[in-house]
Structures are given as structure tokens and as C-alpha cells.
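For reference, the structure discussed in these notes is given below.
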Amino acid sequence: MKNILFIHQSAELYGSDKTLLQLLQNLDKKRFYPVVVLPSNGPLKEELKKNNIEVEIAPVLKLYRGLVKPQNTIKFFFEISTGLKTLKQLHKTHKFDIVYSNTLAVLLGLLFAWRKSIKHIWHVHEIIEKPTFFKKAFIKLLSLSSTETIIFNSIATQKFWSVNSQIRNKGFVVWNGIEDNFEGKPKKVELVRKNLFHSNKDEIIIGLVGRISRWKGQFLLLEAFQKLSLKYSNIKLVFIGDTPPNQKHFKENLKTEIQQNNLENKVLIIPFQNEINNVWQAIDIVAVPSTEPEPFGMVAIEAMAASKPVIAANHGGLQEIVVNNKTGYLFEPNNVESLESVLEELILNEERRIEFGVEGKNRVKNNFTVTKYVEKIERILT
């Protein structure tokens, strides 16, 4: 049996959090024993504990834009000692065979694996174009010989980072996968539409599920919706999700935009929902209008698994998920007219929404199952 130390950047249940949870839930426990280090308590920790997976809380040396501030830099260096001390104690007990850093945002695994001469695997879920300093720094870190294997979550992510042979020669693409359990319960779906969306059965719900942030496309979608709302009275827009830590201003700005356009009765901001299956089923059209390339796009496969048509920006990993004019539409990134046009196509055509939904679900079953995802990673861990 191999003992594996997994280090992750957060304890929430968004994209990379879910992929880690699915991996650990389905990992062959006769062959692999996982121990997880998270930076804080949260829903991910609770789900891992339910699955009897050992979890420790410690600083993971997370990189973020505010790190350049003097007070944050001092805190970061203080956390190095605390984090390494925690891993040292865990290593005494488990004698880890592999250190698995899940996302580029955490540096603790790389440092600990290097100091202890343990095999290091880096699972890359990000495309980081800005700031340029971070991009250049990560290219150097990924090139280091102390990282033996790199897992990229899409071809787009691999192409972005594989700028030299040191990275290319140790890289593998493993698409994320999900459990096929996205069927909602009819009565609960009705309650979601009534009580959460404040919608009647005749309204067409357009939904964006994900963090409210600089690049997820909430403001672009709102602009397109505002124009469509002048033509169609039977549409409603829902944003489901919260802001990242220390970025509440994005949510406040979004609220202001909604109010200024007199859309309070047509656009809702709803916190992250635990019973997401019923939420997916209550939405009619799913939008993933990311203004920067998505490394993968978990929400797209979740929506397709729920038999929903997906409108997505035509860049990054989304191009590998959504098949244009078959499972949804790909629109020109950052082009509000292009987004408005494809939204209107689906607003006017219920038959096409259903057809795209059926095709999308079949595509997920054939390409994005958790079984395929775990099998490929287990081969890399062996």
C-alpha cells in the first residue's frame, strides 16, 4: 500500500475541491492510503471525514495576489515553519511514498517533498496569465526535477504551461470526472423554482453557477441579459455562488449593476447551495461566460450531466467539453453581442434546449465519468 499526502488550497466545494473529493472517495483504499492537509475547516473537510479520510489543518503556503503586501509576505514566511512542522509529524506516522499537490496555489508539498526526497506530483487546475511574475515563477517551479509528474486537467492547461521540455516530458492530461447522480427530485425542483428562484413554471431560467469573481463572466452575462429582458418578459437570471475570500466587492458591484438596470425582480444572487442537483434541474439554460480561459470547467460537465444545454465562452478547457451546436453553443469570448445571440437562440427554442441536454448527458457518460478520472490517476500513482 502507498501512503499519499494530499495538499489542497481550500476547504470549500467548488471546482478543484470537488475533483479532489471525488478522487479520494473513489480511490482504491486497498492500494492507497490518503492523508489530506487543508488550510482551514469547511464543507470539504466535513465530506472527507464522512468518508473516513484523515484530515489535518495547517498552512499550505497558498499563493495569492495580495501576497506582495509586506504584512502578508511576513505571514507567509512564518507559515513555512508551521506547515513543515505539521507535515514532519504526519510523515513520522505514515512514511509517505508520494506528496500530491492539488492545484498550483499550494507550495508546501513541493518544499516538503524536496526536503524529504519524496516523489512529488503536481495536479495543475489553473491557467494563470496575470500577473506575469506568477506565471514565470510557476514555469520555473514546474520545471524543477523535484516534481516528477504533472497532471493537467485539460489539453488547454497543458498547452499553456508546457513551454519547455522539462514540463512537457513529465506531463499527463486527465480530464475531470463526475458521478452520474445529477437527477433532481421533482417536488424539490418545483420548490427550488418557487422558493429560491421566485419563478413561475412558464419562466425560462438562465443560470450561472460558480464563484462571483473578476473573470467568471457575471457582468458580461448581466449585460447580455439586460438587453434580452427588454424583448422577453418570461426570462430570469440567477447567479449561484459566493465570492472568494477578501473579494466581496465583486458581489457588491454586481448588486449595484442589477439595481442600476432595474432588474431586481429579474436577476437574483443566491449563495452556494449544498443540494446542487435540484438546483441544476431547476435551471433551463446554463451559461459559463468566463472572460479568461477556463482551465477545465466543472460546472459545464455538471450541467450537461443534468441534461442542460450549456452556453460557454469559446476558449480554454470549455472547448474540450461543449460541442458547438450539439451540446450547447460556444460564443466569442468577451463579446456581449455573441453571447446575447446564442442565449436568444435557446430562449426561443425549447426543443433545441432538450436536444442539447440529451446530447450533453451522453457526452458526459462517454468522456467525463469519475471512473475514468480515478482510473487514470491511479495508474499515475502506481
Side-chain angles (χ1 to χ4, degrees), residues 1-9 16-17 19-39 48 53-56 58-63 79-126 137-154 157-158 161-177 295 372-382:
M1 177 180 286
K2 288 188 175 181
N3 293 337
I4 305 176
L5 174 63
F6 288 85
I7 302 177
H8 184 58
Q9 66 166 336
S16 62
D17 313 308
T19 61
L20 179 63
L21 176 61
Q22 288 159 354
L23 172 61
L24 296 176
Q25 283 175 326
N26 293 278
L27 201 64
D28 185 349
K29 304 306 189 298
K30 293 179 181 178
R31 298 165 57 202
F32 308 103
Y33 182 81
V35 177
V36 182
V37 173
L38 300 175
L48 291 170
I53 294 170
E54 184 177 343
V55 182
E56 293 288 335
V60 297
L61 307 189
K62 183 175 179 179
L63 290 183
E79 289 176 343
I80 291 175
S81 175
T82 307
L84 288 175
K85 184 178 179 180
T86 300
L87 298 197
K88 185 178 178 181
Q89 291 299 318
L90 289 172
H91 188 51
K92 281 184 180 179
T93 303
H94 298 288
K95 303 296 181 187
F96 294 114
D97 300 288
I98 299 172
V99 176
Y100 189 111
S101 296
N102 194 53
T103 76
L104 281 177
V106 293
L107 294 185
L108 183 63
L110 174 68
L111 181 57
F112 182 73
W114 171 72
R115 292 185 64 171
K116 294 295 183 180
S117 298
I118 304 171
K119 179 178 181 179
H120 181 243
I121 295 175
W122 220 334
H123 195 153
V124 180
H125 298 263
E126 301 99 328
F138 279 125
I139 288 172
K140 289 187 176 182
L141 291 173
L142 288 169
S143 301
L144 293 174
S145 59
S146 49
T147 295
E148 294 185 30
T149 303
I150 304 170
I151 301 172
F152 297 103
N153 66 348
S154 69
T157 305
Q158 183 186 45
W161 291 110
S162 297
V163 298
N164 59 45
S165 59
Q166 292 98 316
I167 296 175
R168 283 193 296 271
N169 292 341
K170 55 187 175 183
F172 299 86
V173 173
V174 179
W175 280 340
N176 296 331
K372 289 178 183 288
Y373 170 64
V374 174
E375 283 177 351
K376 289 179 180 178
I377 291 184
E378 284 183 342
R379 287 199 293 270
I380 293 171
L381 294 176
T382 300

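A quick note: this is a predicted structure, and the numbers were derived from the prediction, not measured.
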- Does the pair L107 and V60 meet the rule for a side-chain contact (heavy atoms from CB on, under 4.5 Å), with working shown? CA-CA 7 Å; L107 294 185; V60 297; over 6 Å; no

- Worked verdict on S16 versus H8 for side-chain contact (heavy atoms from CB on, under 4.5 Å): CA-CA 9 Å; S16 62; H8 184 58; 3.4 Å; yes

- Please lay out, stage by stage, how V37 and F6 fare under the test side-chain contact (heavy atoms from CB on, under 4.5 Å). CA-CA 6 Å; V37 173; F6 288 85; over 6 Å; no

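Checked by atom type, the side-chain pair Y33/H94 shows no donor-acceptor distance below 3.5 Å. A donor and an acceptor atom, one from each side chain of N153 and T157, are located under 3.5 Å apart. In summary, the side chains of H120 and T147 do present a donor paired with an acceptor at a separation below 3.5 Å, with no hydrogens or angles considered.
Look at E378 and R31 and you find a salt bridge, because one of the NZ, NE, NH1 or NH2 atoms lies within 4.0 Å of a carboxylate O, short of that distance.
Inter-residue side-chain proximity for D97 and I118 is flagged as unmet; no heavy-atom pair is nearer than 4.5 Å. When side chains are defined from C-beta on, T382 counts as touching F32, because their heavy atoms get closer than 4.5 Å. Residues I150 and L142 have side chains in contact (heavy-atom distance under 4.5 Å, counting atoms from C-beta outward). You'll find the side chain of L23 reaches within 4.5 Å of the side chain of I377, heavy atoms only. Annotation: side chain of L381 is in contact with side chain of I121 (closest heavy-atom distance under 4.5 Å).
Note that OG of S101 is 8.0 Å distant from CG of L108, once rounded to the nearest 0.5 Å.
The aromatic rings of Y373 and H123 are tilted relative to each other, their planes meeting at an angle between 30° and 60°.
Paired with W122 under the rule side-chain contact (heavy atoms from CB on, under 4.5 Å), one option of I151, V99, T149, L141 passes, and it is L141.
H91 and F112 have their aromatic ring centers within a separation under 6.0 angstrom.
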